[in-house]
Every structure is written in C-alpha cells, then in structure tokens.
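Everything below concerns the one structure shown next.
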Amino acid sequence: MRRSPDSVLSRSIAAIVGGYAVSNLVAIAFATALPMVQAEAVMTSMMLSFLFYALAAIWAFSAKTAMLGWAGMIVTGLIALLIWGAYSLAESLV
Amino acid sequence: MSFRHSMTWLHTWSGLVLGWLLYFMFVTGSTGYFDEEILRWMQPEIPLQESSISASEFIETAERRLDQVATNATETYIELPLGRSPFFSIWWHEAATPETGPRGLWHNEKLNPNTGKPVITRETEGGEFLYRLHYALHYIPGWLAYALTSLAAMFMLVAIISGVIIHRRIFKDFFSFRRNKQRSWLDLHNLFGVLPLPFHLMITYSGLVLLMFSTMLPVPASSYGVGEGLRAIYDEVFTEHESRSAAGVSINSKPTVSLYKDALKRSDGGLINYVAIKHPGDKNAVIEMGVLADEGIDQHKPIHYDGVSGELYEPEEDPSKHSSAKSFYDTMEILHEGLFARPLLRWLYFLSGLMGAGMMATGSLLWAVNRRKKHTVSAGGVRGLALVDRLNLGTIVGLPIAIAAYFWANRLLAVDLVSRANWEMNSLFIVWGIALLHPFLRWKKTSLENLWCEQLLFATTVYALIPVLNAATSEHHLGKALLHGDWVMAGFDLFMLVLAMCFAITAHKLRRRIPILGTANSAAGVSA
C-alpha cells in the first residue's frame, strides 16, 4: 500500500481542518432548520456535529483521490451555507 | 486502494499520532472514578471514625459547628460520612460583597467524626487533580487543553469507527488469543478494544459532548452571537433559577433532625447523604435532604421542606430545563462521570478505562513491533522507529511511575510548605520528565528489553512501597485499616500492591527473554 506524502498531507488537512469547518457548517444549517425551540435546536445540532466530523474525516481518507475528498467537503459546505442562508432570509422576512 | 485498506491506514496512523495523549487521558480519567477515595488517602489527618455514631448525631454536631462559624451564610450544607464519601464536612456560602467577590464565597471545613472539631488537613488537590488532567491537562490554558483533548477524542471516535470496519470478523477475532506468538499483541489490542467497545464509544462521544460549548463554538454563536449571547444560551439551557429567594425576615428554622427522620421514611430505603439549608434563619428557608438510593441512572430527587413550617415543599420546575436535548446532554454527563455507579459498577467503569489505556498502549507497541518485523534485514531500520520505541516506554511505564511520585510527594513534602499542592503536582511532571528522558540517555548502552525492565522494576518498587510509606507517615497502616474495616484506606493500599504485582509480572516476562517487543532478531545486546 503506497501513498504519496502529498496526498497524505492533503487528506490529513482535509480531515482535520476541512472536517471541522464542514461539520460546523452542517451543524449550523441544522440549528437553523430543525423545527424546535432555538436553544434545543442548537443543542441538538452541536451534539450531532461530532458525527458529521467523524464522517467527514472518514470521507477524506476513503475518497479515490485527495482532490475528490476536498471537493466532497466543499460541496457539502456550500449546500449547508445555502440552507443556513435560506432559513435566515426566510426568518428575517417573517 | 480499497475502502478497508484506507481504513486500516487511517486507524494505524491516527492511532499513533494521538495514542500517547489518549493513553494519558484514559489513565488519568480512570482515576477520576475514585477521586474521593484518593483524596481521603491524601489527607491522613482525618481520623478513623471510632464508634458508630448515628446520622442524627452527626447532623446535630455539624449544626453546632455551623452556628459558630456560618452566622451570615446564605446557604449551608452538611455532608455525612456515608456511602462512598468518607468525609464528614460542612460547607457554607457567604453572600457577594466587595471582599467575597461577585459570586460570594464557599467555605469548607472537614470535621473530626469522633469529636465534631474541625480537622486541619494538608494542602492537596487529591484525586481531583488527576481527574482534571484528563481534559484540562496542566500548565496550559483551558481552551487549548479542551481543543487538544477533544481533537484526541475525535481521532478516537474515527479510530473506533474505522476499527470496526477493519475487523469484519470482529467477533471471531475476539475469541482468538494466540499466546506467545507474534500476533498476541494484536489479539490483546483487539481484546482491550472490543470487550469494552460500548464503554469506549460512550466515553468518547460523551466526552466530546461535555466540551462542546468550547470546541463547537461556531454553532451556538451562529444563532446567539458571541460574548453576552453565549451566556444567554448557557443560562437558558443550564442555569437553574432559585424558586424561592430570601424574604429578609429572620425567624427560627425548624430543627433539621426531626425532618431528617421524616426524610429517611420517604427515601424508599435510601440513605440521606447531605442536608442543605437555603436561606437559613430566613422566613423563606428551604431544607433539602439528598437521597442516596439504588435507582440506576435516574438519581433520586432530593426531598425539600419548608424551613419554618417543616411541611413538604415542591420547588417549581422550569420546563425549559427538561427539553429532550437537555435530557440527552444530562444523560451523557451522568454516563461519562458514572455519578450513579455503586461499587461494583464503579470498578467496572475503572477497569474499562484501564482497558482503554491498555488498548492505546498495545496499539502503540504493535506499531513498533510490526515495523521492526518488516525491517529487521535493513540495518538502518525504519525512520522514527527508535523515537516511537523510546516514547512508548517513557509514556506507558513512565506515566504510572509519575502518578506514584504524586502520592509519594503527598506524604514526603513538608506539611507547611508554601504552595504545597502545586509542588505535589509538579512532582508528577518532574518525575515523568525523567522517565521520558531515561530511555534516551541509556539508549546506546543497553537493549530495549533491559530499558523496559529497568522502568518496570522501578515502578514495581515505588508502588509496592506505598503501603509502607502510608504506615510510616500516618496512623492508617494497612493492618489497622483492615482490622477496623476502613475499606477506603485499605483498598487504596491493596490496589497499589496489585499494580506493583502487574509491573513485576511484566518485568519477569521480559527477563525470560520472551520476544514480546519483537526484538528477537536483534537480541545480541540483551543481557539479563
């Protein structure tokens, strides 16, 4: 089993830093979208965030290439941002 | 590369990178399940309770003392020497003034259970210090420690998930133990990892959840903002508001002892382990009796009385403190800390924690053994292997030696030493530093097996001598403790002997040149 050092470094950064960013973004999207009292939605999303983080890390290392790992995270992060934005916008309109 | 292969790779490297920190967290965290017992050993000034004194007598004695010292208290608290807690102590809270600070000040006195007079104990942080190490570390700011320990826990969570994926035959492997073969480290690693797997998963995840307000800050900040906003969500979720505040009208409170007897009847066979009074001497005084009952995770609710009439009193409950998310969080906290655990379960918690430490230790050893096996032919060996070998020894055996040093310092440092508790803690890290240096200093002079033997025999000695140290520096020697059924003191000494025996057995195996470190092919330098 051989891995180029570049790929390993890239995947590690994707898992640790990218995973942290993406799990926070997804949790924030959940916190705004979950139909619960605000404090409860925030608590629930925070407790779920660790599962998102673990999944992101595993994804970073199991994707075919390091670039694909990054791409998956960026797309997920963007979707989370969109959901967060849409709900925040809807709330400010109401 | 297949999914399983990449998971194997991830498991190996993520385990190695934070393996030592996780070993440290498992060892120090496990001691937390016996923090009160460790504190009791570290405060030998507290005498043994010589005759059986009834709880009502304890309460009356404690109240007499509180009448003397806690005249302006806003809250008083009597802890009875029952159940797990061997302490008979009183606490009282002084209201916030410029001198006592914005939150007021808690005072604590330990009482002699025979005379009711306060006992002056040596300054020590006891088991609390060891317990705090596992998430707050030491010498570095809290936020950094939380980030590091949470990152390690996150690696652990990923390692558990990827470990389960590697072991498709996890349960078949679990029942195979190949003694004295090259694979026995792997089998042992699997045993320590799989047998308490539910514990590992629970302790890792709940540990992450307990620190989430520091580590996952962006999530609450996105809805509440930072600073004041964060305090708002914390208040909303956690702060229990007092249901009754002081009226400012003085009146004599109902004697607590008669209420104690009433509470005992209502406790379903449980014991009353504390008596607290909110606003003592006020018209709105509330008396609270803590119930220690066998109810599993759901702790028995304390029984409340109106302090003046002595009638039962139900404080209003705030429904927002009982949302499902909050209940889940509370359950995670109770599970993590084992707050409900009676002796048998407490030991299981402790042993599961030690198995976690064993899993990390065998994992790190396995990393080194596997690489040595593959590269015995090439003279240069693997890059980093020598470093891992040395750090493995200095951590796996060095940390227990350092913890022993903490106990030794507790008894050997002068009782009136300035910042004594700090020096006890520094002793741990100074000795650990020496244990980490030892393999580096003697690396060229002797074999890896011999280095292990040296530290293991040293560990055996320092642990075996702890009961002797206890006999020499306190009146609680093992014989007396056993004779009086003082199980906290005796249990501590006996467990130190058990640990000494474990180190001795391991050293003995190494001396018989069983190639457990995988150095069989390069055994030229071994001299036993």
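In what follows, chains carry the letters A, B, and so on, assigned in the order in which the sequence lines appear, proteins first and then strands, with residues in each chain numbered from 1. Values below: all heavy atoms of this structure, side chains included; hydrogens, waters and symmetry mates excluded.
Heavy-atom pairs under 4.5 Å with chain A peak, among B:F155, B:Y329, B:Y224, B:W13, at B:Y224. Interface summary for chain A: among B:I161, B:L208, B:V209, the most heavy-atom pairs under 4.5 angstrom belong to B:L208.
Distance CD1/B:I203 to CE/B:M156: 9.5 Å, rounded to 0.5 Å.
Remark: side-chain polar atoms of B:R372 are not paired, donor with acceptor, to backbone N or O of B:L385 under 3.5 angstrom. Within the 3.5 Å criterion, the main-chain N or O of B:Y131 finds a donor-acceptor partner in the side chain of B:H134. Between the side chain of B:H189 and the backbone N or O of B:M359 there is at least one donor-acceptor pair closer than 3.5 Å. Within the 3.5 Å criterion, the main-chain N or O of B:S364 finds a donor-acceptor partner in the side chain of B:N392.
In this structure, a donor-acceptor pair under 3.5 Å is present between the side chains of A:E40 and B:S324.
Taking the six-membered ring where the residue is Trp, the centroids of B:H336 and B:Y205 are separated by 6.0 Å or more.
Results of the side chain to side chain contact (heavy atoms under 4.5 Å, CB included) test with A:Y53 over A:V22, A:I16, A:I58, A:N24 single out A:I16 as the only residue that passes.
Heavy atoms of B:T215 lying under 4.5 Å from chain A belong to its backbone as well as its side chain. Looking at B:F213, the atoms closer than 4.5 Å to chain A (heavy atoms on both sides) sit in the backbone and in the side chain alike. Interface residue B:M212: backbone and side-chain heavy atoms are both found under 4.5 Å from chain A. No part of A:S88 comes within reach of chain B, as not one of its non-hydrogen atoms sits under 4.5 angstrom from that chain. For chain B, no part of A:F30 is nearby; none of its heavy atoms comes within less than 4.5 Å.
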Using a 3.5 Å cut-off and no angle test, enumerate the donor-acceptor pairs between side-chain atoms of residues 225-234 of chain B and protein atoms at least two apart in sequence or in another chain.
from   : atom 1 : to     : atom 2 : distance (Å)
B:E228 : OE2    : B:R231 : NH1    : 3.0

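Proximity to chain B among residues 67-76 of chain A is not found for any residue, judged by heavy-atom separations below 4.5 angstrom.
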